[in-house]
Amino acid sequence: MAYWLMKSEPDEVSIDDALAQDSVAWFGVRNYQARNFMRDQMQPGDGVLFYHSSCAEPGIAGIAEVCSTAYPDHTQFDPASHYYDAKSTQENPRWIMVDVKALRKTRLISLNELRTHPELEEMLVLKKGSRLSITPVTPQEWQFITEQLAGAKHVR
DNA sequence: GCCAACGTTGGC
DNA sequence: GCCAACGTTGGC
């Protein structure tokens, strides 16, 4: 059982979009490090922090879980797709994806809020220049964040 | 729209 | 295998 933070642009797939479906195929990852996490480490049942990026309020927007192992990302074979890769072949696909099931929407924990917590200062997504769309989250970070989310209902 | 950070490409 | 040029990400 591992934990991950996965970035999605809400214009493309928001937490609301994800909740409206049984699961969403995490297409479009075109970075080898992120791909390798999916290929080599992700397992069904792994916890996912659903993160909204490239938007007005970037931050954690929900909780999800991995619900498949890795399989080829079909968008790499589609010349009309933004994610088309002419160098990838059906026989030897370069890019893969997993299915992710959204479990619940949470209050938005903004990037700024994440930065205020010393417990989270080692989070990869907070590191300067971090651009990886998929990053591992430690059990301690996962626990801290889910406690923040649980605690919020008492505070308000 | 800007730009820092970082990844990829390709000539040599 | 080096590294300059170029492309992309993503917060601001």
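So that the names make sense, note that chain A is the first sequence line, chain B the second, and so on, each numbered from 1. Values below: every heavy atom of this structure, side chains too, minus hydrogens, waters and symmetry copies.
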Enquirer: Which residues, ordered by chain and number, are linked to A/Leu108 in its hydrophobic cluster, where ILVMFWY side chains connect at heavy-atom gaps below 4.5 Å, directly or through other members?
Expert: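 When side chains under 4.5 Å apart are linked, A/Leu108 ends up in no cluster with other residues.
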Enquirer: Is A/Arg30 salt-bridged to A/Asp85, cutoff N-O under 4.0 Å?
Expert: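 Judged by the 4.0 Å cut-off on N to carboxylate O distance, A/Arg30 and A/Asp85 do not form a salt bridge.
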Enquirer: Could you run through nucleotides 6-12 of chain C and give me one letter per nucleotide, 5' to 3': B if any protein heavy atom sits under 4.0 Å from the base, S if only the sugar-phosphate is that close, - if neither?
Expert: -BBBBSS
Enquirer: Between A/Phe50 and A/Trp26, does the ring centroid distance fall short of 6.0 Å?
Expert: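 Ring-ring flag for A/Phe50/A/Trp26: true, centres closer than 6.0 Å.
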Enquirer: Only distances under 3.5 Å count here; give the side-chain donor-acceptor pairs of residues 118-131 of chain A to other protein atoms, sequence neighbours excluded, each with its distance to 0.1 Å.
Expert:
from     : atom 1 : to       : atom 2 : distance (Å)
A/Glu122 : OE1    : A/Lys127 : NZ     : 3.0
A/Ser130 : OG     : A/Leu124 : O      : 3.2

Enquirer: Examine B/dA5: is either OP1 or OP2 under 4.0 Å from a nitrogen or oxygen in the side chain of A/Lys128? Give yes or no.
Expert: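 Result: yes.
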Enquirer: Select base, sugar-phosphate, or nothing to describe what A/Lys127 touches, counting heavy atoms under 4.0 Å on all strands.
Expert: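 It contacts nothing in the nucleic acid.
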Enquirer: Mind checking whether A/His74 and A/Phe27 have ring centres under 6.0 Å apart?
Expert: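 They do not qualify: ring centres at least 6.0 Å apart.
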